[in-house]
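We name chains A, B, ... by the order of the sequence lines, and we start the count at 1 in each one.
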Amino acid sequence: MVLNDKSAVVKALRDMGLLKQIKGENSFKTRAYEIAAERIAGVSDDIGELVSKGKLTELPGIGESMAAKITELVTTGKIAALEELRAEFPPAMLELLQVPELGPKKAKILHEQLQVGSIDQLEAACKAQRVRGLKGFGQKTEEKLLAAIEVARRSSSGSRRRLSQVLPKAQKLLAQIKTAPGVVRASLGGSVRRMRETVADVDLIVSAADPGPIFKQLTAMSEVAQVLGQGESKASVRLYDADGDLQVDLRVLPDEDFATALHHFTGSKAHHIRLRSLAIERGLKISEWGVHRGEEKLKITTEDDIYALLDMDPVPPELREDWGEIEAALEHRLPKDLITEQDVVGNVHAHTTWSDGRNSLEEMARTAQAMGLKYLTVTEHSQTAGYAGGLKEEDLKRQWDEIDAVNEKLKGFTLLKGVESDILEDGRLDYPDSFLSKLDVVICSIHQRHSQNEEQMTKRMLAAFDNPFFMIWGHPTGRLLLKREPAPMRMEQILDKAAERGITIEVNGSPERLDLSAEHVRLALQRKLKLVVSTDAHSVSELHDHLPYAVGTARKGWARKGDILNARPVKDFKAGLRLH
DNA sequence: GCCGTTTTCGGCCCGACTGTTTTCAGTCG
């Protein structure tokens, strides 16, 4: 095995599909590559294992030909057919498709007629007014492309941004839209509603008899930089935004169409394609405008009605990715009790002014209590983390006195004594066992030496799990979304050992982390590992603000209430942390 | 390229919007 890298496989399949599109191949063929890429991206299995065990063709959407290409890539490091395809085009050909408004058909014409093979060449051709003469192009297209090139360049660092950079703005927009006259129902849609860890735009779906005032409400907002388009049922705008351009798509429909429209614009695309095929088998047709049986339009009041018509369990938005939820819903084995924010009774992983937090112990405790919680784990940084005000044994012992004093004052609320201990480069923790044994909660995290290779990192974790006081594995991969890749490690092997040792895994809700990821949450749950949804709060506001991201990520990984330790009362929480 | 209690051949999700168009193609979601 030369290249056991799932993301490399996904990229190769996507690129192959796109290049074939530009060549003008049959669109169903090219879509097969997209489907296969999405399927691989969504499976939680190790790609090398799928190849070596010959299980690729068991995945829906992957047949003999696709399996052979994937096997070729994993075993030899490249796909000959893809190399040949690449050789037919300039190296930067695919970057052209990053330009909005420019798809494979127009790219093909530009390449064939004007030898355009990069964004820079496209810009030159447009400025020279050589594009407007091409068949199917005109002056307006040329001008639009020039503007689109700017958009593509501005967002070239990746047009997606972290969910946390968009969700609060989206919620604010939704609140403002709801104040427009005539609004009946309104909701967020799209990848924001599905709680994807990174998102590209905002979708708003509104029902009202007259769309006019709603469009007006949106386009009149001061944050709107440009109105990109407006028709009878939808409008798109671009917002001024410190993080770069943010597109907002607003749909307004009669209330009888709200549920089907909301469902349609929530996605994902892959989920819909599967669902609509199933509908056809049952003599139904699903579109954004409703569910039809022949000419008859069926009455759909909620999204659940759509799944009921297909004899499926209702699928919560976070699960709509075609990651196996379709099959599970058809077999009525979709989890019914996914974790919710209301289920959480204890806040896990908090820092105070004792280390690098911004609020005192008592402020954190009172805020958590006001949120309706019953306990809070105080887990300051450990002595190795000098940069974060890490505490020595004597410091922590003094902190216990203050914790005892605050616990005296608070009724029906408990501060638990803990620490976030660094996992050193050889897997040791940075306090002696004799001290760790005195704590209620020991979260163990990696804060340095992220650059170890896969072998070293895997060994480090396996060794760390041998410590009898290792209770919770904190932000396991150390990733920072769009900033730092997850540390390389053999996650399946590590989770196997964690399960053996009875270790609890953190789903860290710090918006830059979301660590574990939803995909890894599923891997952990397959091994019956216990989880905590944590805030990693460094201030009272983060106690509130981070919880939705932890819960959303856990839900997206199919975690149920029973899987989450801090959905249990304090006594059961403490008991659950003990190793077997 | 994938897939099959309507098929191993002949289908493959569906519609809005825009611009180039006298009836449609391309792009997007």
Side-chain angles (χ1 to χ4, degrees), chain A residues 13 16-18 20-22 24-39 56-70 81 96-110 131-145 148 159 189-194 199-205 211 227-236 247-253 257 260-292 306 310 322 326:
Chain A
L13 294 178
M16 208 152 166
L18 289 171
K20 280 172 178 280
Q21 277 188 46
I22 296 175
E25 282 228 36
N26 175 308
S27 64
F28 297 109
K29 252 188 203 185
T30 61
R31 216 188 73 202
Y33 285 90
E34 283 174 50
I35 291 172
E38 289 313 305
R39 176 62 56 179
L56 281 170
T57 51
E58 288 176 21
L59 298 170
I62 297 185
E64 295 299 329
S65 161
M66 212 62 85
K69 292 191 176 75
I70 296 167
L96 277 181
L97 301 185
Q98 303 299 315
V99 177
E101 321 280 342
L102 183 56
K105 302 280 172 56
K106 285 201 160 81
K108 177 177 160 68
I109 294 171
L110 287 163
V131 169
R132 60 181 62 184
L134 298 172
K135 185 171 167 55
F137 292 76
Q139 186 180 340
K140 277 199 168 175
T141 303
E142 197 175 73
E143 288 162 3
K144 264 188 141 174
L145 283 175
S159 55
S191 50
V192 173
R193 184 169 180 236
R194 300 202 313 279
V199 300
D201 61 9
V202 174
D203 292 278
L204 294 165
I205 298 90
V227 179
L228 297 169
Q230 186 177 331
E232 279 178 33
S233 71
K234 73 179 187 189
S236 297
Q247 185 171 331
V248 178
D249 294 329
L250 169 67
R251 273 85 180 184
V252 186
L253 321 95
D257 293 325
T260 42
L262 174 60
H263 185 256
H264 176 81
F265 291 112
T266 295
S268 68
K269 187 179 171 186
H271 180 83
H272 279 296
I273 290 174
R274 294 287 311 280
L275 219 53
R276 289 171 182 195
S277 296
L278 288 170
I280 291 170
E281 288 173 20
R282 287 162 175 73
L284 301 170
K285 188 184 78 169
I286 298 177
S287 81
E288 66 188 274
W289 291 109
V291 182
H292 289 80
I306 298 172
L310 298 173
D322 195 19
I326 303 265

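Annotation: the span from Thr141(A) atom OG1 to Lys106(A) atom NZ amounts to 5.5 Å, rounded to 0.5 Å. Interatomic distance, Leu310(A) CG to Leu284(A) CG, rounded to the nearest 0.5 Å: 6.5 Å. In this structure, the separation between OH on Tyr33(A) and CG on Leu18(A) is 12.0 Å, given to the nearest 0.5 Å. Atom CD1 of Ile70(A) is separated from atom CG of Leu56(A) by 5.0 Å, given to the nearest 0.5 angstrom. Rounding to the nearest 0.5 Å places CD of Gln21(A) at 4.0 Å from OG1 of Thr30(A).
Take the nearest nucleotide of DNA chain B for Asp249(A) and for Ile273(A): the residue whose nucleotide is more 5' is Ile273(A). Each of Phe28(A) and Lys144(A) has a nearest nucleotide on DNA chain B; the 5'-most of these lies closest to Phe28(A).
Applying the 4.0 Å criterion to OP1 and OP2 of dG1(B), one finds that Thr30(A) has every side-chain N and O outside that range. OP1 or OP2 of dT20(B) has not a single side-chain nitrogen or oxygen of Lys135(A) nearer than 4.0 Å. Contact between the side-chain N/O atoms of Lys69(A) and the OP1/OP2 oxygens of dG1(B) is found at a separation under 4.0 Å. Between Arg31(A) and dC13(B) there is a side-chain N or O to OP1 or OP2 distance below 4.0 Å. Residue Lys285(A) places at least one side-chain N or O closer than 4.0 Å to OP1 or OP2 of dG15(B).
Closest approach to the Asp203(A) side chain among dG29(B), dG26(B), dC12(B) is made by dG29(B) (side chain taken as heavy atoms from C-beta onward). Considering only the side chain of Asp201(A), dG29(B) comes nearest among dG29(B), dT27(B), dC13(B). Checking dG29(B), dC17(B), dG1(B) against every side-chain atom of Met66(A), the shortest atom distance belongs to dG1(B). Each of dG26(B), dC14(B), dG1(B) was ranked by its minimum atom distance to the side chain of His264(A); first place goes to dC14(B).
A straight line from CG of Leu228(A) to C1' of dA16(B) spans 15 Å, rounded to a whole angstrom. Atom CG of Leu110(A) is separated from atom P of dT27(B) by 10 Å (rounded to the nearest Å). In this structure, Lys106(A) atom NZ and dC24(B) atom P are separated by 17 Å, rounded to whole Å. Between the CZ atom of Arg251(A) and the C1' atom of dG29(B) there is a distance of 6 Å, given to the nearest Å. Between Leu134(A) atom CG and dG26(B) atom C1' the separation is 14 Å, expressed in whole Å. Summarising the geometry, the separation between NE2 on His272(A) and C1' on dG29(B) is reported as 10 Å, rounded to the nearest angstrom. Look at CD on Glu64(A): it is 13 Å from C1' on dC3(B), rounded to the nearest Å. Following rounding to the nearest Å, Lys140(A) (NZ) and dC17(B) (P) show an atom-to-atom distance of 16 Å.
Rounded to the nearest Å, the gap between the P atom of dC12(B) and that of dT6(B) is 16 Å. When the C1' atom is compared between dT8(B) and dG15(B), the two are found 32 Å apart, to the nearest whole Å. Nucleotides dT22(B) and dG29(B) have their P atoms positioned 27 Å apart, rounded to a whole Å. Nucleotides dG26(B) and dT21(B) have their C1' atoms positioned 12 Å apart, rounded to a whole Å. Here the separation of dC13(B) from dC2(B), taken at their P atoms, is 15 Å to the nearest Å. For dG1(B) and dT5(B), the C1' atoms lie 24 Å apart once the distance is rounded to whole Å. dT20(B) sits 16 Å from dA25(B) when the P atoms are compared, rounded to a whole Å. The same atom, C1', is picked in dT23(B) and in dT18(B); the two are 15 Å apart, to the nearest Å.
Within 4.0 Å of Phe265(A), counting heavy atoms only, lies no atom of the nucleic acid at all. Using a 4.0 Å heavy-atom distance criterion, Gln139(A) is classed as a sugar-phosphate-only contact. Within the 4.0 angstrom heavy-atom criterion, only backbone atoms of the sugar-phosphate kind lie near Lys234(A); the bases stay farther away. Among the protein residues, Leu102(A) comes within range of the sugar-phosphate backbone only, with heavy atoms under 4.0 Å from sugar or phosphate atoms but none that close to a base.
Between the side chain of His272(A) and the main chain of His264(A), a donor-acceptor pair closer than 3.5 Å is present. A donor-acceptor pair is defined here as one N or O able to donate and one able to accept, closer than 3.5 Å; such a pair exists between the side chain of Glu142(A) and the backbone of Val131(A). Remark: the backbone N or O of Thr266(A) is paired with a side-chain donor or acceptor of Arg194(A) at under 3.5 angstrom.
Only Arg276(A), Ser277(A), Ile280(A), listed by number, bring a heavy atom of residues 274-284 of chain A to less than 4.0 angstrom from any atom of DNA chain B.
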Apply salt bridge (Lys or Arg N to Asp or Glu O under 4.0 Å) to Asp322(A) and Lys269(A), showing your working. CA-CA 9 Å; Asp322(A) 195 19; Lys269(A) 187 179 171 186; over 6 Å; no

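Using a 4.0 Å cut-off between charged nitrogen and carboxylate oxygen, Asp203(A) and Arg251(A) count as a salt-bridge pair.
Nucleotide dG15(B): paired with dC28(B) (Watson-Crick or G-U wobble, both distances less than 3.5 Å).
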